[in-house]
Number of protein chains: 4
Amino acid sequence: MAARKTDGSADVAAGQPAGGRRRRDAAATREALLQAARDRFIRLGYDRTTLRDVAADVGVNLALIKRYFDSKEGLFKAALAGTPRFLGGAGEFPQDRAALAEALSRQLAAGAWPEFGEHPVLLLLRVSGDERVDSLRRQALRDFSRRVLEASGAAGDDDERLLRAELLVALGVGIAVVRSAVGLRPLADATADELIGPLRDVVDGLLAPPRPGDAV
Amino acid sequence: MAARKTDGSADVAAGQPAGGRRRRDAAATREALLQAARDRFIRLGYDRTTLRDVAADVGVNLALIKRYFDSKEGLFKAALAGTPRFLGGAGEFPQDRAALAEALSRQLAAGAWPEFGEHPVLLLLRVSGDERVDSLRRQALRDFSRRVLEASGAAGDDDERLLRAELLVALGVGIAVVRSAVGLRPLADATADELIGPLRDVVDGLLAPPRPGDAV
Amino acid sequence: MAARKTDGSADVAAGQPAGGRRRRDAAATREALLQAARDRFIRLGYDRTTLRDVAADVGVNLALIKRYFDSKEGLFKAALAGTPRFLGGAGEFPQDRAALAEALSRQLAAGAWPEFGEHPVLLLLRVSGDERVDSLRRQALRDFSRRVLEASGAAGDDDERLLRAELLVALGVGIAVVRSAVGLRPLADATADELIGPLRDVVDGLLAPPRPGDAV
Amino acid sequence: MAARKTDGSADVAAGQPAGGRRRRDAAATREALLQAARDRFIRLGYDRTTLRDVAADVGVNLALIKRYFDSKEGLFKAALAGTPRFLGGAGEFPQDRAALAEALSRQLAAGAWPEFGEHPVLLLLRVSGDERVDSLRRQALRDFSRRVLEASGAAGDDDERLLRAELLVALGVGIAVVRSAVGLRPLADATADELIGPLRDVVDGLLAPPRPGDAV
DNA sequence: AATGAATGAGCTTTCATTCAT
DNA sequence: GATGAATGAAAGCTCATTCAT
């Protein structure tokens, strides 16, 4: 690297007895490291995130990262593992098209993930170069597509329907990227309420059963 | 960075007088460097692209990069500048909604950009950390949104219409990312013909004038 | 150090009350640590032996090493101190040339030191960088030379005789090194029976009283 | 490591234009690095030799070592490769027993290898942990044994004769170790003249054809 | 007595960059 | 215009050690 910095290293150490150093609370330290790591990975990507900075954010020694996560790769995976799925857990997934648009707009609106700073899906996109991580990423997005497919309630050619579900995933990813990494305005500032209308149209357009008379 | 390589360094230097050394063709050398740089930036991102590898691809000395582009940042900007806009040049932009979906599907299908290896929009997303580059990126995407807006032919609230145009941009970005960086299948393998149907529905859903009776 | 491991960390803790944790048997723990340390020092040398691995071999906490031996240096010295002399204790030293060759061949043959894995003289050669350790080492070898001298029963110039005794020491050291650290074959595999003949010739050649008519 | 230093880092830079920095002489720089590396590897062993110190000895930047030797392992191998064989080149090897003792005593006497500081065979013994290096080492010593065998002119059982040749190798190694690494006196200070007598007796004892009447 | 959290220092390696030729 | 030698700065990782509990 040898390049410039873009961050603003600040001691976080949330919830710690201020004044003194963080002492003897492995779980808390581990969690704080994860938090700081996620923040940097999402904001700066894998390469520009340095373990030294992560440790400094939390105010602990660099070697603790090795202790808890073994390596940078391990830290990244742990950050990834702790990341909420694209759209909630199993039970919470919207069960029909109508709910899907609303859920999406809420998920993608700014500030929806206060504990991550930015949308967690961005973490998935920060290349690590490790095939197993790439695989994790693919799996997560594939899962999401499958769920969208189930929620779509649409009939018809299976491949085409899956493609349409994946296009919805792509839209979600694109929105997250364009909002956070690019800062395209007004999209970057749109609230959930402003997003829901257009998203409903997209979801309907993509997932509505083909109208009678349409030729594919 | 840490270690692994993902490339396959191969001398390119196409169109050079074989046998002898590349001699004294500044313009050609410069162009070859740009080409090699784009390829790596798109495939590996900014950080994992090393100037040494770029120079080695072309078969010239590393210091030439400094001569022509001054720095890695400069090389990246030059690579970015030479990138075709998201959707063709001024005159070629589709003038109505109907054409837009088709143009998009063609643009986003694999192999559409043989000289880049992958979709050039990915180059826009490779963080450089430099604010001027970020600005370039935003500008390019903003331009595209404006043009989509013009092509949409829609009436109504200006802000909402711009938001919808930007959502289309986001979709394009998302598709490029999901195809190339993530490899989500079947989307990654879809042809222009397979993409056009769903994309038409999205474009219609997003840009069609609100049907009578709709409440926003 | 850099990276690779060459061991095969296995819990030893022989003779411990199985089932429960090693509890409160300071002497046993201390001895087990020494044993594990010797094994690693001999096999891997000083630098490549890590206290963590030694502690793990025994199954106790790393900090115990500090408690019992104060430091890595201390552990090494303790390991050295517990090492049997090159050739047995005082009373057992062979009293004449004839016995010397036989004792040597037995000492140097493989498997002669089951509790060390390799010949303990190797421990003497593992640099510690500490002058007091170097001194210990010199003293041990000097003692051995003196005893060889006494056993040689030879008359003549004192200095020359000492030199010859030290050459026998050097041979012993060389054999241990070449067998264990280098693995030179067939020497590395030779049994005591195979060694004794040649060694008898060396001992005779070196220590036999100068034949009449010889000029030194 | 994290341990003490035992050296005395001093700028060498022999043959360089004093006053200014070493400039633009790749071959000389490379050689100076090799020289410094050999010195440290022999004196301190592989682990305790740091690239920083080697570079500092020569007065150049650490990264040059990567440039010329790629890695620490590479530097070690290069140092090893440039090391003279145990006993001279092909033609120079003593052709009979009589010459062998004399050659050995000359080789093993102090100061015989001014460009190495210590006897180069010690370099062979400095573990690197790399199997290919271990193999190099074994091969070098095996070569030497074979040559001793050829020079011995002895008849008899082949295996026994090889064993005896290897014992002579072991003696050579042992003498080098005991002189340099251990500093056993008077052996460490003995001159070639003082060594030759005893060595002649050893060589005769080991390699002389079995006297008639001897049972093996 | 024993544990495990936390630290500090140092090592190899990697890169962008600069300087002479 | 072009080359290759040389530099500086940092990154990931490892280890002995110390400090609370």
Side-chain angles (χ1 to χ4, degrees), chain A residues 1-3 5 21-30 47-55 58-68 70-73 75, chain B residues 1-3 21-26 29 47-53 55 60-68 70-73 75, chain C residues 1-3 21-26 29 47-53 55 60-68 70-73 75, chain D residues 1-3 5 21-30 47-53 55 59-68 70-73 75:
Chain A
M1 209 161 89
K5 275 290 183 45
R21 295 183 82 52
R22 166 185 315 275
R23 285 214 186 279
R24 312 282 133 179
D25 187 348
T29 300
R30 212 192 107 104
D47 290 305
R48 296 181 118 85
T49 295
T50 79
L51 298 187
R52 268 186 173 77
D53 285 345
V54 171
V58 178
V60 301
N61 189 280
L62 167 65
L64 274 190
I65 293 181
K66 184 216 159 78
R67 184 180 177 77
Y68 292 132
D70 201 64
S71 68
K72 190 179 189 180
E73 204 60 51
L75 178 62
Chain B
M1 206 160 93
R21 303 175 69 63
R22 162 187 317 276
R23 17 179 187 83
R24 317 280 145 161
D25 188 347
T29 298
D47 290 301
R48 296 180 122 86
T49 294
T50 78
L51 297 189
R52 238 177 198 87
D53 286 344
V60 302
N61 188 277
L62 169 68
L64 275 190
I65 293 182
K66 188 213 155 74
R67 185 162 208 78
Y68 290 140
D70 195 64
S71 70
K72 190 180 191 180
E73 202 63 46
L75 178 62
Chain C
M1 210 160 92
R21 301 176 70 63
R22 164 187 315 278
R23 23 180 183 82
R24 316 281 145 161
D25 187 348
T29 300
D47 290 302
R48 296 179 121 87
T49 294
T50 77
L51 297 189
R52 236 174 199 86
D53 286 344
V60 302
N61 188 277
L62 168 67
L64 274 190
I65 294 182
K66 189 214 154 77
R67 184 161 209 80
Y68 290 139
D70 196 63
S71 69
K72 190 179 190 181
E73 202 63 46
L75 178 62
Chain D
M1 207 161 92
K5 274 292 183 40
R21 298 182 80 53
R22 164 186 316 275
R23 285 217 184 276
R24 312 282 132 181
D25 187 347
T29 300
R30 210 193 108 102
D47 290 305
R48 297 182 118 84
T49 294
T50 80
L51 299 188
R52 260 187 179 79
D53 286 344
V60 301
N61 188 281
L62 169 64
L64 275 190
I65 293 181
K66 185 214 158 80
R67 183 180 178 78
Y68 291 133
D70 200 64
S71 68
K72 189 178 189 179
E73 203 64 48
L75 178 62

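All heavy atoms count here, side chains included; hydrogens, waters and symmetry mates do not. Lettering follows sequence order; numbering is per chain, from 1.
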Respond yes when some side-chain nitrogen or oxygen of T29(A) is under 4.0 Å from OP1 or OP2 of dA6(E), and no when none is. yes
Please give, in whole Å, the distance from dA11(F) P to D47(A) CG? 12 Å
Of all heavy-atom pairs between A55(B) and L62(B), which one has the smallest distance, and what is that distance? CB-CA, 3.7 Å
Please confirm whether any donor atom in the side chain of R52(A) sits under 3.5 Å from an acceptor in the base of dG12(F), or the reverse. yes
Of K66(C) and N61(D), whose closest DNA chain F nucleotide lies nearer the 5' terminus? N61(D)
For dA20(F), the Watson-Crick or wobble partner whose two distances fall under 3.5 Å: dT3(E)
Does R67(C) put a side-chain nitrogen or oxygen below 4.0 Å from OP1 or OP2 of dA1(E)? yes
Length of the line joining E73(C):CD and dT17(F):C1', which is rounded to integer Å: 14 Å
Whole angstrom is fine here: how far is it from CG in L51(D) over to C1' in dG10(E)? 12 Å
Nucleotide of dT17(E), dT7(E), dT17(F) approaching S71(C) most closely (side-chain heavy atoms): dT17(F)
Please state how far atom NZ in K72(B) lies from atom P in dT18(E), giving the value in whole angstrom units. 15 Å
Starting at atom CZ of R30(A), determine the distance to atom P of dG4(E), rounded to an integer number of angstrom. 16 Å
When L62(D) and A63(A) are each assigned the nearest nucleotide of DNA chain F, the 5'-most assignment goes to L62(D)
Considering just the side-chain nitrogens and oxygens of Y68(D), establish if one lies under 4.0 Å of OP1 or OP2 belonging to dA6(F). yes
In whole angstroms, how far is the P atom of dA2(F) from the CD1 atom of I65(B)? 13 Å
Nearest 0.5 Å, what's the CG-OG1 distance between N61(C) and T29(C)? 11.5 Å
L75(D) side chain reached by K72(D) side chain, heavy atoms, under 4.5 Å: no
Please report, rounded to the nearest Å, how far the P atom of dT17(F) is from the CG atom of L64(C). 15 Å
Output the rounded distance in Å from CG (L75(B)) to P (dT17(E)). 10 Å
